[in-house]
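Counting from 1, the numbers follow the sequence of the chain as shown.
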Amino acid sequence: MTIPSSTAELVESLQDYNDMVAWINDTLSSVSQQSEDTGYSLTQLDQQLTYLVATLDIACEDTSSHLERVIEDVSRGVPRLIYDLHFMRDGCLSLQSNVAQVSHRANSAVPSSTGAALEHLKVLDAMKRHMEAARDVLREAESWSTLELEVTSLLDEHNYGKAAERLSEASRSMDVFQNTSDYEPRKALLVALQNQLEAALSSALVSAIGSQDFSSCRNYFAIFSNIQRESEFRQYYNGSRRASLVAMWQEALISDCNEPQRPGGAEQYKTFVAFLQQYYSSFLALLNEERTSIPAVFPDPPSTMSNLITSTISSLQPSFSQRMASVVQYYGDSALKELILIVKVTEGFATSVAKIFEKLKYSSDKPTQDLAKSPVPPTLHRRRSSRMSISWRSGRRMSVGAGLSAGAAREDLDWDRALFQPFVQLQVDYGSLERRVLDGAVSTLISNDIRPDDDRARLLREQAVDLFGIAEDSMQRCASFTYGYGSVDLIHALDGFLQSFIESWTSDITREHISIPQDDQSSISEGDLADLDYTPDDWSSFGSFLRLLSSARSVSERMTIFEIKLRSHLTQLSGKFRMARQDPEHFPIAPSRGEALLLEQSTLNSAELSALFGAVDPEPSSESNPGLRPPHLASTPAPLLIEARSAIFKLAKACQISLQTIILSPLRMHLATYASSVLWTQSGDPKSARTITSNDLSLPSFSKSPSDIIQRVAEGLLNLPRLFEVYSDDDALSFSLQTLSNLDPETLKELTEQSVAEPQAHPHSHLRRTSVSVVSKSMDPQAVSSAWLASLGHTLLHHFVENILPSITALTPMGAAQLASDLEYISNIVRALNVESEELEKWKRLVNMDDEDGRKEVEQGSAEATLTKVAVMRGWIR
């Protein structure tokens, strides 16, 4: 490519660009490429650039000149344009005046006699129309006078077709008597004659339907259509065809529907599912017969077949819903499993019926000559009336339009909605049904597993295996029974189910003392820690609770894995729903369209369900470029089983509290007599105490030593790190550190940030752990020990400050000095465990205070509780 040789070509190339910089770069880049190919120098490139600038200058000048000429031409032409518009307006006004004059001359040229003749012709035409209408009315009135006699005669002669035609003509003439006194009597007469015709045909019609006389049935259908009683004909037909199915339903001997016992051996009773399979087989056999019968009689085979199915279902006594409720009551907790079997059998029946409708569409496509032979008009319009018919039946009246063609649209048929309607309320109640199944399964599990001499930690692990196996089965039940619409209820049921199971263990741990077999006692008391003040029972309980904490961690890990499976299951359902929204015809939610429609219209299809699917499976647009997503969207997804995870941590906390109680029990025992010690009531003044030497020299005494009790407590605290060194490799201690008692969250955060290794990036981000509360196994054992020691130190200090120190009744000056020494000593010891207590520091300050300073502080009216307690002990308050 080279620079255009002319200014015109250069300007034309400019029209292809919106950005001038881009045009210059492309033009010069072509020159640079040309220079590389031919060996041009930078001097030549500069020459080309100079040429380009000059060419642009010429183009600008040409454009300016052309624009000036255009402006000058427009300036000269505008005044001429105004003159032309005025000239056109004057011409239009002149034309209008001429047209009015011509019209006036034309009217004056016509003689007056011609106008009168035309008016006379109009009057004569109106009189003719009115006379014809009056003649028709008189003929109708005359025909009504002989209507009853004619129809009765035709019925006596069994000439039902002509009688129907006569009644049809009379019905069409009813509009003539509208708003007259003759309307009601004639209407009553018409209905009475139609009832006589229907009564005369009823027995013959039933006989023709029973014998499958299609020709007679078709003639009778035409007769009923002529007298606007097509719906009654359909009732006769459906009632006759469904009679065997209704009788089969009523006479069924079902063992699991809580129905009164009827004569028959026990071997004749069947479960509802087994009976349904047999019943649906008979139903399909009838529909296959009707697939050839209905097109021979009715002009709308699909809607007629649908009407037959819905009328059969609505005629069942007891109703389908009642028997379903009886099944639920009979099976109790396991009712959902039986309901799923019933749904699957019904779906199989619906699939077979849908195939029959497909075949019906082809069998009802008759040639034109076949339709010509039929006395039934191709399109029949039925009208509603308030007449009473002798074929009226109690219950729901079926009304299906007769104007549908054989290839009626599938969505106009409601047979599958009537079939699956009894399941809707049960599907809406899926959550409670699922929870009953889960609770029943876990009750059986617990009752079969609990034995007094079992290792409870092992039992918890074993039950967790079965527990999550039971939970996994619920996902398949949800998909089978609600096709994913019950996912929200599934989450609630699983969450509550797992929560109740874990809380039962928490209650047992809190309420009962857990013992382990004697042969499983730890031998640690014979080792390096034999000098600690723990009994064999303490070591046994310690090991038992530690194993329970490890089992709790195992349950938490299993819950994490289960949540991954659950999230994957929900993701698949979300994708299925998304595909169904985009193409419902090829990707239906349920096998039957009616069932899918009922579920879509139920309360299960809620905003909460949409939010759940949006959380587990965001729309593809938000995932198209993960690097551009905000940080909070790229983080680990929130857990699904919130209450169950909370229960896990409560279980861990209960184990931790029990462990801490055992660990601190010797120290608590030492402190039990601390408040009643005689040290607090010693007499004397610590400031005036002197030591007399052999040379009669008076030397000041040094500060008091800590009491024996405090020294033993301090030794116990200093021995605690040795205990955790022995268990440093036990992962149980690192589980749920955030639930340790009296542990500052900031302290724990610092420890975890320093010791937890960063997890490696996983190719599937959704496979990460869903709970950030579970501390990784890679945490430094030293940090775990530090967390436990800090929690133990805070717990012991809390007990010491809140329960022990306030129990001291009185403090003499010597007792106060001793207590100050003890508090100083214990404060230094706990600092070694990275523990500090503001309340302990308050006690130190107040106990060290002189009487005079103490009374002044009391007189200042301080409402501090610790000051009040110390003031009472020191006697500052009487």
Could you grab the distance from atom [atom1] of [X] to atom [atom2] of [Y], nearest 0.5 Å is fine?
| X | Y | atom1 | atom2 | value |
| --- | --- | --- | --- | --- |
| S574 | R578 | OG | CZ | 4.5 Å |
| M559 | R645 | CE | CZ | 6.5 Å |
| S321 | Q421 | OG | CD | 7.5 Å |
| L549 | L460 | CG | CG | 11.0 Å |
| I589 | R581 | CD1 | CZ | 8.5 Å |
| Q572 | K576 | CD | NZ | 10.5 Å |

Is the backbone N or O of [Y] less than 3.5 Å from a side-chain atom of [X], with the two atoms forming a donor-acceptor pair by type?
| X | Y | result |
| --- | --- | --- |
| K270 | F275 | no |
| T444 | G440 | yes |
| S319 | L316 | no |
| W415 | S303 | no |
| S554 | S550 | no |

Would a 4.5 Å heavy-atom cut-off, applied to side chains only, mark [X] and [Y] as touching?
| X | Y | answer |
| --- | --- | --- |
| L336 | Y430 | yes |
| L640 | L612 | yes |
| L566 | I491 | yes |
| R436 | V328 | yes |
| F501 | I470 | no |
| M248 | Y279 | yes |
| L287 | L308 | yes |
| T661 | F545 | no |

Would you mind writing out the side-chain donor-acceptor pairs for residues 481-490 within the sub-3.5 Å range, not counting sequence neighbours?
unit_1 : atom_1 : unit_2 : atom_2 : d
T482   : OG1    : C478   : O      : 2.8
T482   : OG1    : G486   : N      : 3.0
Y483   : OH     : K344   : NZ     : 3.2
Y483   : OH     : E347   : OE1    : 2.7
Y483   : OH     : E347   : OE2    : 2.3
S487   : OG     : G484   : O      : 2.6

Q: Check the pair T346 / F423 against side chain to side chain contact (heavy atoms under 4.5 Å, CB included), numbers first and verdict last.
A: CA-CA 10 Å; T346 306; F423 294 97; 3.6 Å; yes
Q. Taking only residues two or more places apart in sequence, or in another chain, which ones meet Q277 in a side-chain contact (heavy atoms from CB on, under 4.5 Å)?
A. V273, V345
Q: State which residues pass side-chain contact (heavy atoms from CB on, under 4.5 Å) with D495; sequence neighbours excluded, sorted by chain then number.
A: L641, I642, E643, A644
Q.
Listing request: all side chain to side chain donor-acceptor pair (under 3.5 Å) pairs with a residue in residues 594-616, at least two apart in sequence or in separate chains.
A. H492-E608
What residues form a side-chain hydrogen bond (donor to acceptor under 3.5 Å, both in side chains) with [X], not counting sequence neighbours?
| X | value |
| --- | --- |
| Q425 | D429 |
| S326 | none |
| S551 | R461 |

Q) Does CD in E585 sit with more than 12 non-hydrogen atoms of other residues, nucleotides or ligands closer than 6.0 Å? A) no
**Q.** Single hit among D744, N742, L743 for side-chain contact (heavy atoms from CB on, under 4.5 Å) with L740
**A.** L743
Q: Before accepting this row, confirm whether a basic side-chain N of the pair R567/E563 lies closer than 4.0 Å to the acidic partner's carboxylate O.
A: no
Q. Does the side chain of E338 come under 3.5 Å of the side chain of S334 through a donor N or O and an acceptor N or O?
A. no
Q.
If only side-chain N and O atoms count, and only distance matters, is there a donor-acceptor pair under 3.5 Å linking D414 with S306?
A. yes
Which heavy atom of [X] sits nearest to which heavy atom of [Y], and what is that distance?
| X | Y | result |
| --- | --- | --- |
| A647 | T506 | O-OG1, 4.2 Å |
| A418 | P422 | O-CD, 3.6 Å |
| R242 | T312 | CB-OG1, 3.3 Å |
| L733 | W788 | O-NE1, 2.8 Å |
| S741 | T795 | O-OG1, 3.7 Å |
| F497 | V442 | CE1-CB, 3.6 Å |

Q: Start with the C-alpha gap between V343 and S480, add the side-chain angles, then the distance that decides, and say whether side chain to side chain contact (heavy atoms under 4.5 Å, CB included) holds.
A: CA-CA 8 Å; V343 169; S480 299; over 6 Å; no
For [X], enumerate each residue passing the salt bridge (charged side-chain N to carboxylate O under 4.0 Å, His left out) test, keeping only those at least two apart in sequence or located in another chain.
| X | result |
| --- | --- |
| D439 | R435 |
| D256 | none |
| E290 | R241 |

Q: I would like to know whether I648 and F735 meet side chain to side chain contact (heavy atoms under 4.5 Å, CB included); could you show each step before the answer?
A: CA-CA 11 Å; I648 279 286; F735 173 60; 3.7 Å; yes
(Q) By the ring-ring contact (aromatic ring centres under 6.0 Å, His included) test, which pairs, at least two apart or in different chains, include something from residues 551-570? (A) F468-F562
**Q.** Pair listing, ring-ring contact (aromatic ring centres under 6.0 Å, His included) test, anchored in residues 321-350, at least two apart
**A.** Y280-F349, F283-F349
Q: Just do the side chain to side chain contact (heavy atoms under 4.5 Å, CB included) check on L438 and R477 with the steps written out, would you?
A: CA-CA 11 Å; L438 295 173; R477 287 193 294 270; 3.7 Å; yes
Q) Once the angle between the rings of F577 and F613 is folded into 0 to 90°, is it parallel (under 30°), tilted (30 to 60°) or perpendicular (over 60°)? A) tilted
